[in-house]
Structure formats: C-alpha cells, structure tokens
Enquirer: 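Okay, handing you the structure first.
In what follows, chains are A, B, ... by sequence order, proteins preceding strands, each numbered from 1. Computed from a prediction, not measured in an experiment: that's the story for all the values here. Reckoned from all heavy atoms, side chains included, excluding hydrogens, waters and symmetry mates.
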2 protein chains.
Amino acid sequence: MPTVTTDFNDRTIEYEQLLNDFKSLLKKNSLKFTIQREVILETLYNSDEHLTPESLHHLIQEKFPDLKTGIATVYRTLSLLEDSNMVTSLSFGAQGKKYELGAKNHHDHLICTECGNITEFVDEQIETRQHHIADELGFKMLDHSMQIYGICETCQQK
Amino acid sequence: MPTVTTDFNDRTIEYEQLLNDFKSLLKKNSLKFTIQREVILETLYNSDEHLTPESLHHLIQEKFPDLKTGIATVYRTLSLLEDSNMVTSLSFGAQGKKYELGAKNHHDHLICTECGNITEFVDEQIETRQHHIADELGFKMLDHSMQIYGICETCQQK
DNA sequence: CTTCTTGCAAACGCTTTGCACCGTT
DNA sequence: AACGGTGCAAAGCGTTTGCAAGAAG
C-alpha cells in the first residue's frame with residue numbers, strides 16, 4: 001500500500017456513514033437492503049453531477065450491467081431517499097427533476113440557461129435572512145432552495 | 001359616474017398597460033391578437049393565485065364558456081408569455097408548473113408543504129446578495145427564484 | 001387572400017403502478 | 001416461510017404537436 005491518501009479516506013468514511021444511515025433508515029421502516037438500493041446510493045455518491053433519474057439509470061447500467069436494474073427501481077429508490085431527506089431535487093417543469101445527495105453541505109444553485117450546467121454556492125447572509133423571513137411570516141421553515149439563472153462564463157464567450 | 005375609485009383606476013390602468021405591452025409584443029413578432037389570447041391575459045391579471053395551465057383553463061371555461069378555449073391554446077399562450085418575460089413560472093417536478101404575471105413587483109415564495117399555498121415576499125438584502133454572487137462567479141444573471149418550504153401558520157394549528 | 005391561430009385528438013416523455021417472480025430477513 | 005423488492009410492460013398524466021378549419025391582418 002502506498003502512503004495514505006487523505007482524500008480517499010475522507011470519501012470512504014463519508015460514504016460508510018451514508019450507507020449506515022441508509023441501512024438504519026431501511027431497518028427503521030421494515031424495508032430491505034438490496035443490491036440495487038446500494039448501487040443507487042453509491043452511484044449518487046460517486047457523481048459530482050446533478051442527475052436525472054434517466055442519467056442515473058444509465059450510469060448504473062454501464063457500471064453494473066449484470067444487475068439489469070430497472071428504471072422503476074431508480075425512481076422508487078429516489079423517492080424513498082428524497083422522502084427521508086437523504087437526497088434533494090431541483091425541478092425543471094415537465095422536463096422532470098435532477099437529484100443530488102443531501103448529505104453534502106447545503107448550498108444553492110446557479111443554473112446556466114444556455115448549457116444547463118449547475119454551479120453550487122453558499123452565502124451565509126442569505127441563509128440567515130431566510131430564517132428571519134420565515135419567522136416573520138409565521139412559517140415553520142423546513143427547507144429552501146434558491147436558483148440564480150444566467151449565462152455562465154464559458155457560454156458568454158461563445 | 002360616481003366619485004373616482006383610485007383602486008379601480010389603478011387596476012384598470014395597469015391592465016391596459018399590460019394589454020398594450022402584449023399587443024406590441026405580438027405586432028413586433030407578426031403574431032395576431034386573438035380573443036383567446038386576450039382572455040388568457042385578463043384571467044391571469046384578475047387572479048391573485050399562482051395558476052396551473054389546467055386551473056387557468058378551468059377559470060376561462062367558467063367565465064367565457066362560449067369561447068370553448070382549448071387547453072392547447074392556454075399552453076401555447078403561456079409559453080409565448082413566458083418567453084417574452086410577461087409571466088414567470090414555478091416548477092413542481094412532473095406535477096408541472098404554476099404561472100403568474102411577471103408585471104407585478106418581483107418577489108420570492110414561501111410554499112406550504114401541507115396545503116400547497118404560496119405566500120410572496122421580497123427581501124432587499126437577499127436581492128442584493130444575489131447580484132454579488134452572480135458577479136463573483138462570472139455569471140451574467142438573467143433571473144432568479146427562491147423558495148422557502150415550510151408549514152404555514154394555519155396548517156401548524158391543525 | 002395570405003398568414004397565423006385555433007380546437008381536436010393523437011403523440012410524447014417522464015413517472016407511477018400492477019403483477020408474477022425473486023431476494024432479504 | 002413471510003414479506004418486501006424487482007423488472008417488465010402497461011397505464012397515467014401533464015404537455016406538445018399535426019392537421020384541417022377558421023379568424024386576423
């Protein structure tokens with residue numbers, strides 16, 4: 001073994017925590033831990049992209065062709081994960097949703113209207129204000145999402 | 001004529017401006033001004049709700065049953081209005097979009113996850129930060145939307 | 001009279017569901 | 001053994017489109 005790669009270790013530990021959370025969640029609800037469910041979680045974890053159910057399905061078919069995972073299972077698992085707040089989604093009208101693991105740090109999104117790419121950001125001032133606003137208006141805040149739409153640097157140069 | 005009702009006058013003037021904008025838009029693109037298009041704009045204007053294409057269609061069928069406006073026309077007109085930035089939409093995954101006139105003052109949304117109702121708000125601090133963020137990340141900002149999800153006062157009491 | 005618009009119905013694309021078989025517990 | 005999960009194909013549902021008839025310019 002070469003010298004320890006902290007990055008890799010961090011990722012590994014993070015993933016195992018995630019996997020354990022998932023297993024606990026399943027147990028708590030008398031649901032079963034299956035290979036398909038694990039592969040979906042793992043693929044989400046290893047992707048830096050925001051994935052559509054379809055693109056997630058494709059990734060899984062490429063990496064684990066033997067499993068023959070059906071798209072229905074991908075949808076069912078994503079719903080399960082979203083209901084338990086392990087993943088979050090962004091909506092795109094009739095074009096569906098894109099999903100990402102919610103275990104990552106919270107962040108908001110800059111979406112390029114030309115190429116569809118998504119850049120993440122966090123701004124503490126905005127986070128703080130959101131809590132103030134919900135309080136003022138009598139809402140019990142559960143979640144929030146913010147998207148800035150525009151043209152990214154790359155597309156501006158075209 | 002009775003004494004002037006400023007509220008009514010404001011609304012009327014506002015609507016006529018809107019209608020003129022719409023007519024200009026159509027003319028500029030060699031499109032035609034039809035009764036259906038006018039009725040869609042008017043119904044959007046007279047609604048305080050965020051409307052789905054379906055609910056907008058229902059409203060129109062109730063108020064103008066003789067027109068027999070088809071849902072396809074509602075969709076086509078909403079797309080037209082959205083493309084020209086006269087209306088804005090909120091996405092709800094596969095459940096579609098809700099539309100509102102964009103001519104109103106800009107605002108963000110508090111969405112109740114229990115009853116689905118939408119409360120509007122504006123916060124200048126957040127508006128300002130959004131511009132800063134887009135600038136910092138090299139985005140040419142075109143638009144943005146922010147939603148806070150939570151449980152509204154009414155639903156908390158249930 | 002030309003061109004755009006409309007309503008209708010069919011097509012579409014993403015998502016959900018019913019079912020028989022299979023895997024986990 | 002019992003119970004939930006899976007893949008498949010069909011159904012669902014909101015949205016879009018092709019087309020012939022109709023209205024606007």
Enquirer: Side-chain heavy atoms under 4.5 angstrom apart, residues restricted to Ile, Leu, Val, Met, Phe, Trp, Tyr: same cluster for A:Leu26 and A:Ile40?
Expert: yes
Enquirer: Does B:Asn46 reach the side chain of B:Leu59, with side-chain heavy atoms less than 4.5 Å apart?
Expert: no
Enquirer: Contact between B:Tyr45 and B:Glu14 at the side-chain level, heavy atoms closer than 4.5 Å - yes or no?
Expert: yes
Enquirer: Please report, rounded to the nearest Å, how far the C1' atom of C:dT24 is from the CZ atom of A:Phe22.
Expert: 14 Å
Enquirer: Let me know the distance between NZ of A:Lys27 and C1' of D:dG4, rounded to the nearest Å.
Expert: 15 Å
Enquirer: What string of B, S and - do you get for nucleotides 3-10 of chain C, 5' to 3', when a contact is any protein heavy atom under 4.0 Å?
Expert: BSSBBB--
Enquirer: Rounded to whole angstroms, how far apart are NE2 on B:His57 and P on D:dG14?
Expert: 14 Å
Enquirer: Decide whether B:Ser145 and B:Gln147 meet the rule of one side-chain donor and one side-chain acceptor closer than 3.5 Å.
Expert: yes
Enquirer: Against the six-membered ring of A:Phe92, is A:Lys97 placed for a cation-pi contact (under 6.0 Å from the centre, within 45° of the normal)?
Expert: no
Enquirer: Find the distance A:Ile40:CD1 to D:dG5:C1' and express it as a whole number of Å.
Expert: 11 Å
Enquirer: In whole angstroms, how far is the P atom of C:dG13 from the NZ atom of A:Lys98?
Expert: 18 Å
Enquirer: Are side-chain heavy atoms of A:Thr77 and A:Leu41 found at a separation under 4.5 Å?
Expert: no
Enquirer: What integer distance in Å separates A:Glu54:CD from C:dC12:C1'?
Expert: 13 Å
Enquirer: From NZ of A:Lys23 over to P of C:dT25, roughly how many Å is that when rounded to an integer?
Expert: 9 Å
Enquirer: Atom CD of A:Glu38 and atom C1' of D:dT6: how far apart are they, to the nearest Å?
Expert: 16 Å
